[in-house]
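Just so it is clear, the model here is predicted, and its values are computed rather than measured. Sequence lines set the chain letters: A, B, ... in the order given, protein chains first and strands last, and positions in each chain run from 1.
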Amino acid sequence: MSIVPHTNRRDFLKLAAASGGGLLIGFNWTNAQAQPAVLDATSAEALAASIEFNSYLSISPQGVVTIFSPNPEVGQGIKTAFPIVVAEELDVDWKQVKVAQAPLDTVKFQRQVAGGSGSIPHSWKRLRQAGATTRQLFINTAAKRWGVDATACTTNSGTVIHTASGKKLTYGELAEEASKMPTPTDVPLKDPKDFKLIGSTIRNVDNKEIITGKPLFGVDFYRDGMLFAVIKRPEAFGLKLKSVDAVAAKAMPGIVDVVTFDNSVAVLGKSTWQVLKAREALKVTYEKEAALESTADHDRIFDELLNGSTATVRRQDGDVEAAFKNAAKVIKSEYQCPFLPHSPMEPMNFFAHVRPDGAELIGPTQTPERARGDAAKFLNLPQEKITVEMTRMGGGFGRRLATDFVMEAVKVSALAKAPVKVMWTREDDMTGGDYRPAVKYRFEAALDAEGTMIGYKLRGAGINAGNPTREHNFPSGTVANLLIDSAEHKSPITTGPWRAPITNFLAYAEQAFLDEVATAAGKDPIAFRLDLLEKAKKSPVGDVKYDIDRMIAVTKLAAEKANWGKAKTADGKAVAQGFSLYYSHLSYVAQIGEVTMKNGKPELTKIIAAVDCGIVINQSGARQQVMGGVVDGIGHAMYGNLSFKDGAPEQANFNTYKMIRMANVPAVEVHFVDNGIEPTGLGEPALPPTGGAVANAIFKATGKRLYKQPFVEQDVLKGLS
Amino acid sequence: MAQYTLQINGQKLQADVEPDTPLLWVLRDHLGLVGTKYGCGIAQCGACTVHLNDQATRSCVLPVSAVGTSKITTIEGLSKDGDHPVQQAWDEVDVPQCGYCQSGQIMTAAALLKRTPKPNEKEIENAMNGNLCRCGTYHRIHEAVKVAATKTN
Ligand code: FES
Ligand code: FES
């Protein structure tokens, strides 16, 4: 790939250079064996040659360490976690560290995506090597100056120390000389037991800016002369733009232009309120282009897909037919989940300035590289003519992996020949598509006379869901005879990844069904699962793509912490508990929900989560991710529902679409497994098991199963909010 | 269009806007005070919360023409150095995730503590229940309000 000359990068380099004779270090983050090169930040070569590197870390003579965080920050805490790892190996005081968001440069950083909980697994080793190599460089520099052996030196908080003589030099003092030294190779990494920063409690690096209301987010970007734009899109999926009468809208105060593209009409003007009002004055007609589907149609389609003879086989083990024929007992259930909007608190928005010779894009995106690629293709410009600056994101949850909102800004700016910020209202955001797909599952389990699950069938039916199963997840690998298949309906309603794609509903359905199977087998739900896992350890069936021991460990930790089966309320009443266990995005999470009856209604009082994400990098951030994931999991399972009538969503804002609020939140307890394994991501894995833990606890309390989300609309919970 | 002189964060600020323009957009688009956020526009999420004569108020549904001489405080004016007890508590408890909802949360909490310096659990819940946080930071918000209450006399 070619090199991208960012205007922003120059700014960053200037920033680094401005630290005055400081050191600018580029790391090749793409190789496991980093080949760092060191340059004087103020030299022209540094600026010219910097393109060969993938990341920057600058140290000023005053000892200030600037660490550039390459990945988009969407609330997952990466902008805090990444620098912690670098600073750990570099051996500097956290107080000396400044963190800056790096612009898009996939040559340097390779992976600049916020999604799939993949940032930490991708970068863990690279980050450590970046820090460790620089630390060694400072040791070598000091050793040379003192005329001693490098092995006789050590470091502490940004200072090199010659142990025998007690001589000291700070990294800042060494920076310039270090920049002329050869780069050490094969530098050993710290023994995890010596970690000081990793595993400690470190606050969000942007706290100060956030709590004082500084401009950080895409919506906060303003530039002199830019136009504000809102877009009128079809109100139903399946409609096509037919005619536009913009005369009245154009005559309204502050309106500069109205442009039409694809199925959209954009109103441009001098302020948000003016364009919002003018949009109301547009007279637009549409015609039907595809089926205008309603939720009732989807219910019918689901049944057709579940009963149909065409499905894609995803996994097959043993002889399922025979297992069900020989079964002593068969359990069969269906589970259903609706469409959901992502609803990040910051609605979609983006700034674009398209010029004849290039384009500047600024805003909240989880996939800056894709945004650049799409823009380049549309504008027929080489990628290097397009810059992307990532702002902090007011949440994303997968919505900002798409580029539709970026491309709108690009198109509007190109048509209007002006710098433009396109703003979505909440209604635009909620009715604008890219939803979590709606699905329905049919599960069947065959038990033998001893209550052992000898057969398992799952069919997933999805609307624009692709494969709505995760065929290699537990219980696959533990059941001798298994068939997992799926069928899909293609709909005009657009869908996309939503925090923990597929597993955010699949895990609920699977874990609730396994609870039913355990009950039918007359077994304790945890004992039932442990039994399956222990057996699979001895004789796995087919591929087992998760670590059985880690599954067992989180299960046992959750059971122990929740005092499984024995928990009592303060006044001595039994607490109804429900268990759920899931592996996703490389992390293992077990949860136990607790429910007590209040005025004849079940009330969720607590969720206990046991989490194995390997080494915990930041206690505060990690806990936050788990608690947030659990709250999200409860909220959407309980309340989330986007229904359709004639192709149009029936909910458009938070008055009709209920989101979880403080009063709805139970206590959440988080426990981490401490196993020293390389860390995995946490943005997603805590969410999937929650729905099952809640549903199973409610069953325990009421004897009623929850087969459908949102739970509050099911009979057992009706009237709760 | 009409001229409005608004009392914001102890200053007199002028805006030339249409009378029905919500205070939120006057703050953001015309006065450069972008700490006050848009989340729903219909008084459902609290992201746009400011103080109007010390009362927590949804600026997204307050037309500028209705503001008059009321004293407005936004997140930028809550304290000079970002050290209002609520802001301190928010940092200490490490509340923000994405951070987008937090200026609204902080303004709601600060108004609560002004009115009720030592709120109980229920009072905290009632006051904060109108502010949505999509990242689910509710536990820490609750905790931070309690911490802030210990800092105010
Ligand atoms: S933006 Fe005002 S309450 Fe949501
Ligand atoms: S911190 Fe993200 S919405 Fe509250």
Side-chain angles (χ1 to χ4, degrees), chain A residues 73-77 201-204 206-217 219-220 222 228 253-254 271-274 276-277 343-347 392-397 423 425-427 620-621 624-625 627-632 635 653-655 659-663 665 667-668, chain B residues 1 17-18 20-22 24-26 28-30 32-45 47 74-76 78-79 81-82 84 86-88 90-92 94-103 106 124-126 128-142:
Chain A
E73 174 60 62
V74 67
Q76 83 281 43
T201 296
I202 291 178
R203 298 174 207 163
N204 189 326
D206 280 339
N207 270 358
K208 183 81 184 174
E209 285 71 26
I210 290 167
I211 64 183
T212 52
K214 292 285 176 311
L216 285 174
F217 300 95
V219 287
D220 300 340
Y222 287 76
F228 296 75
S271 74
T272 309
W273 187 245
Q274 288 172 319
L276 281 172
K277 277 175 49 181
S343 312
M345 286 310 295
E346 178 191 20
R392 190 179 181 86
M393 285 174 269
F397 310 101
M423 176 74 195
T425 61
R426 176 59 54 195
E427 288 81 2
S620 184
Q624 181 85 302
Q625 286 306 310
M627 294 181 83
V630 168
V631 170
D632 198 359
N653 205 328
F654 299 134
N655 53 345
M659 295 239 286
I660 192 164
R661 291 177 184 272
M662 186 182 278
V665 168
V668 177
Chain B
M1 303 281 253
V17 294
E18 280 148 83
D20 61 350
T21 310
L24 168 69
W25 296 114
V26 178
R28 293 185 56 83
D29 287 357
H30 302 271
L33 294 167
V34 298
T36 307
K37 297 291 191 263
Y38 167 85
C40 69
I42 57 164
Q44 291 290 315
C45 77
T74 70
I75 185 78
E76 292 90 345
L78 186 62
S79 64
D81 302 310
H84 184 282
V86 173
Q87 288 169 314
Q88 284 180 26
W90 243 248
D91 181 37
E92 278 170 37
D94 199 18
V95 177
Q97 249 188 67
C98 82
Y100 191 82
C101 72
Q102 300 297 348
S103 45
I106 289 169
I124 296 175
E125 197 173 287
N126 287 342
M128 301 309 299
N129 212 44
N131 285 68
L132 287 175
C133 174
R134 174 66 176 83
C135 298
T137 63
Y138 297 120
H139 294 94
R140 289 195 185 176
I141 291 171
H142 196 112

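- The choice from B/S79, B/S103, B/G39 that makes the most heavy-atom pairs within less than 4.5 Å of chain A is B/G39.
- Annotation: side chain of A/M345 is not in contact with side chain of B/Q102 (no heavy-atom distance under 4.5 Å).
- Options B/D81, B/T74, B/D94 differ in how many heavy-atom pairs under 4.5 Å they form with chain A, and the most are formed by B/D94.
- The two atoms that bring B/N131 and A/R661 nearest to each other are N-NH1, 4.0 Å, heavy atoms only.
- Per-residue heavy-atom pair counts under 4.5 Å with chain B were compared for A/K277, A/E427, A/K214, and the maximum is reached by A/K277.
- Residue contact with chain A, scored on non-hydrogen atoms closer than 4.5 Å, involves the side chain of B/R140 exclusively.
- When heavy atoms are compared at a cutoff of 4.5 Å, B/H142 approaches chain A by way of both its backbone and its side chain.
- The ring pair (Phe, Tyr, Trp, His ring centres under 6.0 Å) search around B/Y38 returns B/W25, not counting sequence neighbours.
- Ranked by non-hydrogen atom pairs under 4.5 Å with chain B, the options A/G395, A/S343, A/G77, A/G635 are led by A/S343.
- Taking both residues in full, the closest heavy atoms of B/V34 and A/D220 are given as O-OD1, 3.5 Å, listed atom of the first, atom of the second, then distance.
- The contact between A/P344 and chain B is made entirely by backbone atoms, counting heavy-atom distances below 4.5 Å.
- The candidate from A/A663, A/A667, A/P253, A/G394 with the greatest count of non-hydrogen atom pairs under 4.5 Å with chain B is A/A663.
- Proximity to chain A is limited to the side chain of B/I106, based on heavy atoms less than 4.5 angstrom apart.
- Looking at A/N653, its side chain does come within 3.5 Å of a backbone N or O of B/C40 through a donor-acceptor pair.
- Closest non-hydrogen pair, A/I660 versus B/Y138, comes out as O-OH, 2.7 Å.
- Of the two parts of B/V95, only the backbone, made up of N, CA, C and O, holds a non-hydrogen atom closer than 4.5 Å to a non-hydrogen atom of chain A.
- No side-chain heavy atom of A/W273 sits less than 4.5 Å from a side-chain heavy atom of B/V17.
- Residue contact with chain A, scored on non-hydrogen atoms closer than 4.5 Å, involves the side chain of B/E18 exclusively.
- A/M659 is listed as a side-chain neighbour of B/R134, based on a closest heavy-atom distance under 4.5 Å.
- When heavy atoms are compared at a cutoff of 4.5 Å, A/R203 approaches chain B by way of both its backbone and its side chain.
- When the candidates B/V86, B/I141, B/I75 are compared by the number of heavy-atom contacts under 4.5 Å with chain A, B/I75 comes out ahead.
- Taking all atoms of both residues into account, the shortest heavy-atom contact from A/P347 to B/Y100 is CD-OH, 4.1 Å.
- Note on B/G82, B/C101, B/A43: by heavy-atom pairs under 4.5 Å with chain A, the leading option is B/G82.
- Counting heavy-atom pairs closer than 4.5 Å to chain B, the top residue among A/Q625, A/M662, A/K208 is A/M662.
- No donor-acceptor distance shorter than 3.5 angstrom exists from the side chain of B/R28 to the backbone of A/T272, with no hydrogens or angles considered.
- Looking at A/V668, both its backbone and its side chain come within 4.5 Å of chain B, counting heavy atoms on both sides.
- In terms of heavy-atom pairs under 4.5 Å with chain B, the best-connected choice from A/L276, A/T201, A/I210 is A/I210.
- Here the closest non-hydrogen pair linking A/V631 and B/H139 is CG2-CE1, 3.9 Å.
- For chain A, no part of B/H84 is nearby; none of its heavy atoms comes within less than 4.5 Å.
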